[in-house]
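Reading through the structure tokens given below for one structure.
Protein chains get the first letters and strands the later ones, always in sequence-line order, with residue 1 at the start of each. These numbers were taken from a predicted model, which means no experiment stands behind them. Hydrogens, waters and symmetry mates play no part in the numbers below; they use all other heavy atoms, side chains included.
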There are 2 protein chains.
Amino acid sequence: MTTIKEVARRAGVAPASVTRALSGHPNVSDELRQKVLAAVAETGYKPDLLAAGLRSRSSRCVGIIVSDLINPLLAEVVHYMEMAISQAGYTVLLANSHGDPARDTDSVHTLHQRRVDAIAVMCVDERNAELQQALAGFPGPVVLLDREIPSCETASAVVSDHYRGTYRLTEHLLEAGHREILYLGGLLDTTHVGRERLRGFQAALADHGLEMRPDLLRASRAVAQAGRDVIAELLDRDALPSAIVVGPNPFVPGVLTELHARGVRVGQDVALASLDDTPLAVLHQPPVTALSRSMDELARVAARLLLDQLAGSRIQPRTVVLPVEVQLRPSTAVTAEAVAQNRSRRRSGRRRASGDGAPGLRRGAGAAV
Amino acid sequence: MTTIKEVARRAGVAPASVTRALSGHPNVSDELRQKVLAAVAETGYKPDLLAAGLRSRSSRCVGIIVSDLINPLLAEVVHYMEMAISQAGYTVLLANSHGDPARDTDSVHTLHQRRVDAIAVMCVDERNAELQQALAGFPGPVVLLDREIPSCETASAVVSDHYRGTYRLTEHLLEAGHREILYLGGLLDTTHVGRERLRGFQAALADHGLEMRPDLLRASRAVAQAGRDVIAELLDRDALPSAIVVGPNPFVPGVLTELHARGVRVGQDVALASLDDTPLAVLHQPPVTALSRSMDELARVAARLLLDQLAGSRIQPRTVVLPVEVQLRPSTAVTAEAVAQNRSRRRSGRRRASGDGAPGLRRGAGAAV
DNA sequence: TTGAAAGCGCTAACAA
DNA sequence: TTGTTAGCGCTTTCAA
């Protein structure tokens, strides 16, 4: 590997002049620059960024901590953040927590040791005290994405307006007469997302004179099987409510799979709404009502915040709230009353044609409503 | 930030002894180790990995180049690779090419300059000469994922058996009597995936005495809109064939959207198969036949190859081929004959109820087959 | 088993 | 405008 010394020797100049010529230093003569560029071209010299970082005390790297890259929505955020970050001349160090809060903390330490200039955080558990401490000890700017850590005063945050989105989605169900609504969320209190969504759901219920029923509140890590299990269990107990609000997008396939398997018709025997929008929600028959938001925008705003702070503008850390849209689709175009009728009609239909293999609500699940 | 000097001073030992104590050097007395560990605990010392990397000539970082992280399948590979790599004590540098071949090359240079110990490559265009040259100039191990660069003798490769998978999928359609099959692929010759899939498709045709019809071969970058456009154009020309093979998963939503919009019933008015499996393919009504493979396994095998080479076992670079499964589903459970019948029945049906707004094949698309 | 010295490759600070 | 010198924080080498 050619070093700066070798280039300097060939060009007949000092190593520092090579640095200056290559880094666009203002006071460099054309002649010197020519000599240096020629020597660089000859040798194929590429500066060692490890050494440069050590000396200049800036690695020009940004760390991204993500709770679970297998979630396409989070992958999308990383995608767009990487775009903005690399465009600004920084390289991304990626740390994936795989749903384990301890890894969040480890990642901050590792990134710190690798001397990244800034960190973007989509952690598993924002309440984790060790994580908070590790972030507080990190010297550079920190931006949280859909997370909030009030204790961490050096951190900016970009969040979607999950409260408002979920409130309006729930309101839509309540206005269709639904009084028993299953809320199937991710971990409810580890992140801003989980917390605000549940808060929006509860507020909408309260404004319609309803309380959250503990038996209709389910939460678990955002893995597909969980969605399936919850629906299966409710159907087994003949306790499927007339409407379902399902949170993190990994649950959606599981919920739909189990409903199909049991012959429960979405949009007829149950109303279904998702708090994340996906191609599946759009293309399912019937299409599924969902909350949508721009992960692109989330990423761009977060990257801008980080890069501005890195560029030295002494911007105060701040919180940006981005809008969430309700995408109304046929899966919720059914009133509670219609759900009850559909279920009882199917029940009696099955009785008439008893013993046939046609799919239908098992064990008269409609009676539970 | 505490440095090794400060720790050494506190422990009353030499800096080199701190390194030895912390790095598990064999010849270190218990006493010295205790003193060092105490000083480390007191100060919260964390070694500067930039400096360590500079001196030891190994950054303990691995670069991953990915053509487009927004593709959930690629994100999944990155997810599992990161898992294996970080478990081995390495940190991942992520470089996303956003579909631009020039960025592939840039990324290799950047990662090289950042002194990563190895590179995993899912590039946009494996034929790119600059990329090949950049990879050849990289001193560490290189592993290609679903890519092949014969010229690069230092690179291992892990590929899925796209040829065999696509062959069998196509055979399945041919056996149902389909003779006009649209092949809607990604860029056909820039990667092993694209090339092998097309080769498998053509081989299956050839073995049934058919040639590839240029008007039934479409290719474009793997973005959603492309799928939609191709179907729209074919329907506009009344030229939709009886079966469709659609390649990269981003096309699938577009294809389905357009078919739905035009009232073409998948599995009745057209047979549809996808070369990538997704939750959408599984949960679509009717479910869509697709090729599936384990991205998890792909990633693990690739990571193992890289890490083994890093661990010094002088393994020859080699190519590993992983299996691809055909998931038969109802979307292809329709013969060419049935497609023709369905289309003409719908056509006459529409004629009887002419002028109504019901969805149906426009302009008698069935006649084209 | 431990310490002292050197130096990885670069850039900042200062001097010319 | 350019060169010289020093040193970022660590690990390696060599000597004790």
Under 3.5 Å donor-acceptor, B:Asp104 side chain and B:Val124 backbone: yes

Axis-to-axis angle between the two ends of the helix from C:dT1-D:dA16 to C:dA16-D:dT1 (five base pairs per end, rounded to 10 degrees): 40°

Close residues, residues 52-62 of chain A, relative to DNA chain C [heavy-atom separation under 4.0 Å]: A:Ala52, A:Leu54, A:Arg55, A:Ser56

Exercise: do B:Arg10 and B:Thr43 side chains pair donor with acceptor under 3.5 Å: no

Spacing of B:Leu74 atom CG and B:Asn71 atom CG [to the nearest 0.5 Å]: 4.0 Å

Sugar-phosphate only, base, or nothing, as touched by A:Val18 at under 4.0 Å among non-hydrogen atoms: nothing

Segment of DNA chain C, first to last nucleotide, that comes within the 4.0 Å heavy-atom reach of chain A: C:dG9 to C:dA13

Spacing between B:Ile4 atom CD1 and D:dG7 atom C1', to the nearest angstrom: 16 Å

Could you list the donor-acceptor pairs under 3.5 angstrom formed by side chains in residues 46-67 of chain B, with sequence neighbours left out?
unit_1	atom_1	unit_2	atom_2	d
B:Asp48	OD1	B:Leu50	N	2.7
B:Asp48	OD1	B:Ala51	N	3.1
B:Asp48	OD2	A:Arg115	NE	3.3
B:Ser56	OG	B:Ala52	O	2.7
B:Ser58	OG	B:Asp117	OD2	3.0
B:Ser59	OG	B:Cys61	N	3.2
B:Ser59	OG	B:Arg115	O	2.6
B:Arg60	NH2	B:Ala88	O	3.4

Chi angles and distances behind the side chain to side chain contact (heavy atoms under 4.5 Å, CB included) call for A:Leu306, A:Tyr90: CA-CA 11 Å; A:Leu306 269 197; A:Tyr90 290 81; over 6 Å; no

Ring pair (Phe, Tyr, Trp, His ring centres under 6.0 Å) contacts in which one or both residues fall within residues 67-86 of chain B, not counting sequence neighbours: A:His98-B:His79

Under 3.5 Å: donor-acceptor pair, side chain of B:Ser156, backbone of B:Arg318: yes

CG-CZ distance between A:Leu307 and A:Arg300, expressed to the nearest 0.5 angstrom: 12.0 Å

From CE (B:Met122) to CG (B:Leu298), nearest 0.5 Å: 8.0 Å

Nearest heavy-atom neighbours spanning B:Thr191 and B:Cys123: CG2-O, 4.1 Å

Backbone N/O of B:Ala102 and side chain of B:Asn128: donor-acceptor pair under 3.5 Å: no

Sugar-phosphate only, base, or nothing, as touched by B:Thr19 at under 4.0 Å among non-hydrogen atoms: base

Between CG on residue B:Asp296 and CE on residue B:Met83, distance to nearest 0.5 Å: 8.0 Å

A:Asp30 and A:Arg33 ion-paired at < 4.0 Å: yes

Of residues 20-48 of chain B, the positions that come close to DNA chain C - non-hydrogen atoms, cut-off under 4.0 Å: B:Arg20, B:Asn27, B:Val28, B:Ser29, B:Leu32

